[in-house]
Amino acid sequence: MTPDRRTSRLTVEPSREPGARVNLTRARGERTREVILEEATLLFSSYGYRGTSLRDISERVGISHPGMLHHFSRKEALLQAVLERVARHFEELIDDFVATAQEPAAIREWDAVRQYQSVMFAVVRAEAVEKDHPGHEAIVGMQTMAEEKLTALFEMYEEKGWLEEGAAPEWIARSIVAMWTGVFMRDALMDDGLYDHDLSIFLRMFVIPLREADPFPPKDRK
């Protein structure tokens with residue numbers, strides 16, 4: 001089912017500089033491209049790359065198929081542009097978590113609010129296991145970026161004596177990335193919001209200060 005989201009109107013923002021001329025054709029073209037990328041992200045997150053056609057996206061945006069081809073002549077090119085946006089979102093998500101988690105107890109309040117970009121990463125990630133998939137390299141890059149940044153965070157925890165003995169930073173990092181993609185997909189399916197505290201519940205098994213700040217064991221959670 002297509003996400004319930006209204007298509008953005010193709011409008012041109014007025015120039016902020018008095019007397020400046022606006023290239024209406026260029027401005028509308030840039031705005032149309034942004035709407036295409038936005039709606040393509042939503043459709044890819046619902047139906048996957050293979051289940052979405054350029055015609056599906058052009059109908060969603062409200063432009064002709066030739067108009068779509070003017071901006072993106074191939075679906076592969078559109079996917080690459082979408083994945084660049086998703087990669088920026090995903091890195092911001094990781095950076096925000098790492099910044100928050102400098103103090104372990106703060107993890108309890110951190111919430112990776114599910115957004116359609118995160119769901120798309122999870123959906124296309126499942127498709128992109130095939131090396132000939134056009135998004136394979138981009139997805140591998142996002143996965144690697146996330147694991148490296150999280151590994152560095154938990155290496156710092158290890159140096160401070162905050163990890164349980166035997167808890168390897170690399171393993172925790174890989175597990176978190178796998179967990180995120182899983183809970184984003186689960187919430188998209190179930191829509192029950194039960195993922196909100198899953199991360200802190202998982203990490204309290206390995207992060208000593210987090211467990212001390214949050215004494216309730218996972219079995220007592222609802």
Side-chain angles (χ1 to χ4, degrees), residues 2-3 5-11 13 26-52 54 56-57 60-61 68 71-102 106-107 109-129 131 133-154 173-188 195-196 199:
T2 304
R5 181 182 177 87
R6 295 182 179 178
T7 303
S8 302
R9 294 180 61 189
L10 305 183
T11 58
E13 294 294 332
R26 179 179 178 181
R28 283 185 60 85
E30 291 176 352
R31 178 59 180 151
T32 300
R33 188 178 189 277
E34 286 301 306
V35 175
I36 290 171
L37 291 172
E38 188 81 1
E39 299 304 328
T41 303
L42 286 164
L43 289 175
F44 287 152
S45 70
S46 295
Y47 305 112
Y49 171 75
R50 302 194 187 284
T52 304
L54 285 180
D56 293 331
I57 299 167
R60 173 87 176 191
V61 174
M68 169 66 72
H71 293 279
F72 297 98
S73 59
R74 297 177 301 112
K75 190 168 71 164
E76 292 85 351
L78 175 56
L79 176 66
Q80 294 302 325
V82 166
L83 286 176
E84 288 178 7
R85 289 160 55 100
V86 172
R88 289 195 296 270
H89 161 80
F90 194 56
E91 187 163 15
E92 288 171 1
L93 181 77
I94 299 298
D95 287 344
D96 184 59
F97 173 75
V98 170
T100 301
Q102 295 302 306
I107 295 173
E109 306 303 325
W110 189 82
D111 180 16
V113 177
R114 177 175 68 85
Q115 297 184 24
Y116 58 90
Q117 295 99 329
S118 301
V119 176
M120 183 194 156
F121 170 72
V123 171
V124 177
R125 179 175 177 265
E127 293 183 330
V129 293
K131 291 187 177 181
H133 189 285
H136 178 82
E137 290 187 7
I139 294 294
V140 169
M142 283 185 251
Q143 179 101 12
T144 302
M145 172 277 300
E147 291 180 359
E148 288 178 349
K149 290 192 174 191
L150 291 171
T151 295
L153 171 69
F154 292 110
R174 291 196 302 270
S175 298
I176 289 176
V177 177
M179 178 181 178
W180 265 332
T181 55
V183 296
F184 287 144
M185 287 297 294
R186 184 192 181 280
D187 190 62
Y195 73 96
D196 284 352
L199 181 61

Q143 meets the side-chain hydrogen bond (donor to acceptor under 3.5 Å, both in side chains) criterion, sequence neighbours left out, with R125, E147
Rounded to the nearest 0.5 Å, the CG atom of L153 sits from the CD atom of Q102 at a distance of 6.0 Å
What one should report as the nearest heavy-atom pair of L54 and F72 is CD1-O, 4.0 Å
One should read off an interatomic distance between H89 NE2 and I94 CD1, to the nearest 0.5 angstrom, of 9.5 Å
Taking every heavy atom of E127 against every heavy atom of R50, the minimum-distance pair comes out as OE2-N, 3.4 Å
Here the pair of heavy atoms bringing G135 nearest to L83 is CA-CD1, 3.7 Å
One should read off an interatomic distance between M120 CE and R85 CZ, to the nearest 0.5 angstrom, of 10.0 Å
The reported gap from CD1 in I57 to CD in E38 (rounded to nearest 0.5 angstrom) is 12.5 Å
ask   = Does a side-chain heavy-atom distance below 4.5 Å link Q80 with R74?
value = no
_Take a 6.0 Å sphere around CD of E76 and say whether it holds more than 12 heavy atoms from other residues, nucleotides or ligands._
yes
Rounding to 0.5 Å, atoms OG1 (T32) and NE2 (H71) come to a distance of 4.5 Å
Applying side-chain hydrogen bond (donor to acceptor under 3.5 Å, both in side chains) to E91 and not counting sequence neighbours gives K149
Correct closest heavy-atom pair for H133 and Y49 would be NE2-CD2, 3.7 Å
Is it true that a side-chain atom of E84 and a backbone atom of A138 form a donor plus acceptor pair closer than 3.5 Å? no
Are Y47 and V123 close enough that some pair of their side-chain heavy atoms sits under 4.5 Å apart?
no
- Does any N or O in the side chain of T144 come within less than 3.5 Å of the main-chain N or O of G141, such that one atom is a donor and the other an acceptor? no
Looking only at heavy atoms, the pair that brings V98 and L150 closest together is CG2-CD2, 4.2 Å
Exercise. Would you call the rings of W180 and F90 parallel, tilted or perpendicular if under 30° counts as parallel and over 60° as perpendicular?
Worked result: perpendicular
Nearest heavy-atom contact between V61 and I36 is CG2-CA, 3.9 Å
Okay, side chain of T181, backbone of A178: is any donor-acceptor separation there less than 3.5 Å?
yes
